Structure formats: structure tokens, C-alpha cells
**Student:** 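Below are the C-alpha cells for one structure; questions will follow.
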Amino acid sequence: MRELRISWCGQSYFIIGSGNARLAIDPHDGDSLGLPRCEAKADYILVTHDHYDHNSVETARGPKTKAVAFSREGSFTLGPFSVTGFRLPHDPEGGSRYGWTTAYLVEAEGLRVMHMGDVGVGPVDYIIRSVGKVDVIMVPAGDVTTVKQAEALDWAARLGAKLVLPMHYWVAGSNVPLDPIDVMLSLWHGSVTKLGESLDIEPGRLNGPALVILPLESEPS
């Protein structure tokens, strides 16, 4: 089996590579957030919800783009990626403040990756049962408009994630009013790895749980 490559472009924008195929999730345009512009030229694009810092499809689109899935629930296939979308409230008031988001389970190369979108509630039993265990989870860690950082870690624990990738938190230069990752780091009792490049993972070689902080990239390889 081949490995997956995961790159982070800030906020909730990730690029997952499987072979020659690229899947972009929640692209932003960079300038609106005070972050570098990251043009994925992706084959496939997933958008969790219609907020400006998650839905800049044109930033991720390229000449090979074949499909865009926008807040899509249920199971579907995008090239080598098997995807299942789960609808969740963006806030603890049942979506009345910020609406709804979609969490996506992405499966490829024998690995299971969960992107939680802008989830606003702690673990939901039926989703935990439906998803089962995951290898990697991407969780919001900036409080304010999403779950508290402790609740994000609850999602990771309930889904048995081996690697926890924080997202949607304040980084230097960002003009988005989010909290930094400090609280999550103080609550985490496992290992913490800060990478200087994209994350390459392959099935059968994951030890955990571990919190992995990815670098902010503008030109993912």
C-alpha cells in the first residue's frame, strides 16, 4: 500500500494526497484571513459549510479538478477516496447561531481520516457508532465559534484517533478572532510532535495517540 500525505494550509484547509490524486478540504483564499494563499490544484474538493474561511473552491480548483462536494452527507466516492459526510451543528445551540457543518470521514490507502469541520458540540453517540475507530482526526482548536478544545480532544478519544491534528486556531498573522492552541496543549497528556513538513503516514506504522502540529504551508508538495 502507498502512504497518504497530509498538508495543512491554515484554518481548516487540508490537502490529502494519495498517489497522484489530491483531495482538498475547506479551502480559504488566504488574503481574507491574513494567511498565505494555498493553491492546491486538487483533483477533488470537499467543503464542510458555507462560511468564507472554508468555501473558497476556486483557490483549490485546478485543471485536473473532477468533482466538488459541498456539505454532502452520506457515502460517496471521489477517485481513490471513499468519503462519508455527517451533519453536525456549528454551535451548542443546535445550529441557531452559526448554522450547520459537515464532518467528513475519508478513507484511502487503508487509512481512515476524520475531518470534523466546524463542529460546535461534543461527541455525538450515533456518529461515534457509525464511524468507529479512525487513524487520524482533524479537530478545531480555537474555541470561540466551535467546540471547546477539551471537547475536541473528547472527539479524538472517543474515535480512538492515533494522530490528532489541531486546526482552526489562531496562528501568527491571522486576522480571524480565534484562540491559540495553548489550552489543547495544556490538556494533552500524550506525546506532541511539531513537524517542519507535510505528514506522510502509512497503515500499520502508526503509534499513538500523538498530537501532531503541522507547519503552515502555501505550496504543499
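Just so it is clear, the structure is predicted and the values come from calculations on it, not from any experiment. Below, each value reflects all heavy atoms present in this structure, side chains not excepted, and no hydrogens, waters or symmetry copies.
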**Student:** Do F86 and V131 touch side chain to side chain, with heavy atoms closer than 4.5 Å?
**Tutor:** yes
**Student:** Is a side-chain N or O of H28 found less than 3.5 angstrom from the main chain of C9, in a donor-acceptor match?
**Tutor:** yes
**Student:** If you measure from NE2 on H168 to CE on M138, what distance do you get to the nearest 0.5 Å?
**Tutor:** 14.5 Å
**Student:** Please assess R112 against D135 for the test salt bridge (charged side-chain N to carboxylate O under 4.0 Å, His left out), listing each intermediate value before the final yes or no.
**Tutor:** CA-CA 5 Å; R112 311 182 83 231; D135 297 295; over 6 Å; no
**Student:** Which atom pair, heavy atoms only, marks the closest approach of P215 to G196?
**Tutor:** CG-C, 3.7 Å
**Student:** Return the CE to CG distance between M116 and L165, rounded to the nearest 0.5 Å.
**Tutor:** 13.0 Å
**Student:** Below 4.5 Å, heavy atoms only, C-beta onward: do D53 and Y13 meet side chain to side chain?
**Tutor:** no
**Student:** Which of parallel (below 30°), tilted (30 to 60°) and perpendicular (above 60°) describes H51 and H90?
**Tutor:** tilted
**Student:** Which atoms form the tightest heavy-atom contact between A161 and P209, and what is the distance?
**Tutor:** O-CB, 3.7 Å
**Student:** Counting distance only, does the side-chain N/O of H54 pair as donor-acceptor with the main-chain N or O of G117 below 3.5 Å?
**Tutor:** no
**Student:** For a 4.5 angstrom cut-off between non-hydrogen side-chain atoms, does L185 reach I213?
**Tutor:** yes
**Student:** Quick one: are L111 and L206 in side-chain contact, heavy atoms under 4.5 Å?
**Tutor:** yes
**Student:** Using a strict cut-off of less than 4.0 Å between a Lys/Arg side-chain nitrogen and an Asp/Glu carboxylate oxygen, indicate whether R5 and D200 qualify as a salt bridge.
**Tutor:** yes
**Student:** I need the minimum non-hydrogen distance between P36 and L216, along with the two atoms involved.
**Tutor:** CD-CD2, 3.9 Å
**Student:** Could you tell me which non-hydrogen atom of G19 sits nearest to which non-hydrogen atom of E109, and how far apart they are?
**Tutor:** N-OE2, 4.4 Å
**Student:** Hey, quick one: are I201 and V106 part of the same hydrophobic cluster, counting side-chain heavy atoms closer than 4.5 Å, chains of contacts allowed?
**Tutor:** yes
**Student:** Hey, can you pull the donor-acceptor pairs under 3.5 Å for the side chains in residues 149-159, sequence neighbours left out?
**Tutor:**
from : atom 1 : to   : atom 2 : distance (Å)
Q149 : OE1    : M184 : N      : 2.5
Q149 : NE2    : A141 : O      : 2.9
Q149 : NE2    : P180 : O      : 3.2
E151 : OE1    : K148 : N      : 3.0
W155 : NE1    : V121 : O      : 2.8
R158 : NH2    : D125 : OD1    : 2.9

**Student:** Just verifying a value: how many Å separate T84 OG1 and F76 CZ, rounded to the nearest 0.5 Å?
**Tutor:** 7.5 Å
**Student:** Within the 4.5 Å heavy-atom criterion, are P140 and M167 side-chain neighbours or not?
**Tutor:** yes
**Student:** Kindly write out the residues that satisfy side chain to side chain donor-acceptor pair (under 3.5 Å) with D91, not counting sequence neighbours, or none if the list is empty.
**Tutor:** none
**Student:** Show your reasoning for whether side-chain contact (heavy atoms from CB on, under 4.5 Å) applies to S18 and L23.
**Tutor:** CA-CA 8 Å; S18 173; L23 171 68; over 6 Å; no
**Student:** Are F14 and V113 close enough, and set up right, to give a side-chain contact (heavy atoms from CB on, under 4.5 Å), and what steps lead you there?
**Tutor:** CA-CA 11 Å; F14 285 89; V113 179; over 6 Å; no
**Student:** May I have the list of side-chain donor-acceptor pairs in residues 38-48 shorter than 3.5 Å, sequence neighbours left out?
**Tutor:**
from : atom 1 : to  : atom 2 : distance (Å)
E39  : OE2    : R37 : NE     : 2.9
D43  : OD1    : R22 : N      : 2.7
D43  : OD2    : K66 : NZ     : 3.0
T48  : OG1    : D26 : OD1    : 3.1
T48  : OG1    : D26 : OD2    : 2.7

**Student:** Could you check if a side-chain atom of V119 sits within less than 4.5 angstrom of a side-chain atom of V139, using non-hydrogen atoms only?
**Tutor:** no
**Student:** In chain order, what residues pass the side chain to side chain donor-acceptor pair (under 3.5 Å) check against S32, with sequence neighbours excluded?
**Tutor:** D29
**Student:** Decide whether V134 and L88 are clustered together by the hydrophobic rule: side chain heavy atoms of Ile, Leu, Val, Met, Phe, Trp, Tyr closer than 4.5 Å, transitively.
**Tutor:** yes
**Student:** Linking I/L/V/M/F/W/Y whenever their side-chain heavy atoms sit closer than 4.5 Å, directly or via other members, would W100 and V144 fall into one cluster?
**Tutor:** no
**Student:** Evaluate V171 against L178 for side-chain contact (heavy atoms from CB on, under 4.5 Å), listing each step before the verdict.
**Tutor:** CA-CA 9 Å; V171 296; L178 297 173; over 6 Å; no
**Student:** Let me confirm one number: the OH-CG distance from Y98 to D118, rounded to the nearest 0.5 Å.
**Tutor:** 10.0 Å
**Student:** Hydrophobic clustering (ILVMFWY, side-chain heavy atoms < 4.5 Å, transitive) - are L195 and L163 grouped together?
**Tutor:** yes
**Student:** Counting C-beta onward and ignoring hydrogens, is there a side-chain heavy-atom pair between F81 and I16 closer than 4.5 Å?
**Tutor:** yes
**Student:** Would you name the heavy atoms of Q11 and L35 that are closest together and state the gap between them?
**Tutor:** N-CD1, 4.2 Å
**Student:** What residues form a salt bridge (Lys or Arg N to Asp or Glu O under 4.0 Å) with R72, not counting sequence neighbours?
**Tutor:** none
**Student:** Working to the nearest 0.5 angstrom, can you tell me the gap between K194 NZ and L214 CG?
**Tutor:** 11.5 Å
**Student:** Under 4.5 Å between side-chain heavy atoms, counting indirect links through other Ile/Leu/Val/Met/Phe/Trp/Tyr residues: same cluster for Y52 and V68 or not?
**Tutor:** no
**Student:** Rounded to the nearest 0.5 Å, how far apart are CG of D31 and CG of N175?
**Tutor:** 10.0 Å
**Student:** Would you say the side chain of S71 lies within less than 4.5 Å of the side chain of D50, judging by non-hydrogen atoms?
**Tutor:** no
**Student:** Give me the atom names and distance for the closest heavy-atom approach of G94 to P89.
**Tutor:** C-CB, 3.8 Å
**Student:** For Y126, is there any backbone N or O sitting under 3.5 Å from a side-chain donor or acceptor partner on S130?
**Tutor:** yes
**Student:** With side-chain contact (heavy atoms from CB on, under 4.5 Å) as the criterion, how do F70 and T102 come out once you've worked through the C-alpha distance, each side chain's angles and the decisive distance to 0.1 Å?
**Tutor:** CA-CA 9 Å; F70 200 104; T102 307; over 6 Å; no
**Student:** Could I get the full list of side chain to side chain donor-acceptor pair (under 3.5 Å) partners for T59, not counting sequence neighbours?
**Tutor:** S56
**Student:** Give me the ring orientation class for Y169 and W8: parallel if the planes are under 30° apart, tilted from 30 to 60°, perpendicular past 60°.
**Tutor:** parallel
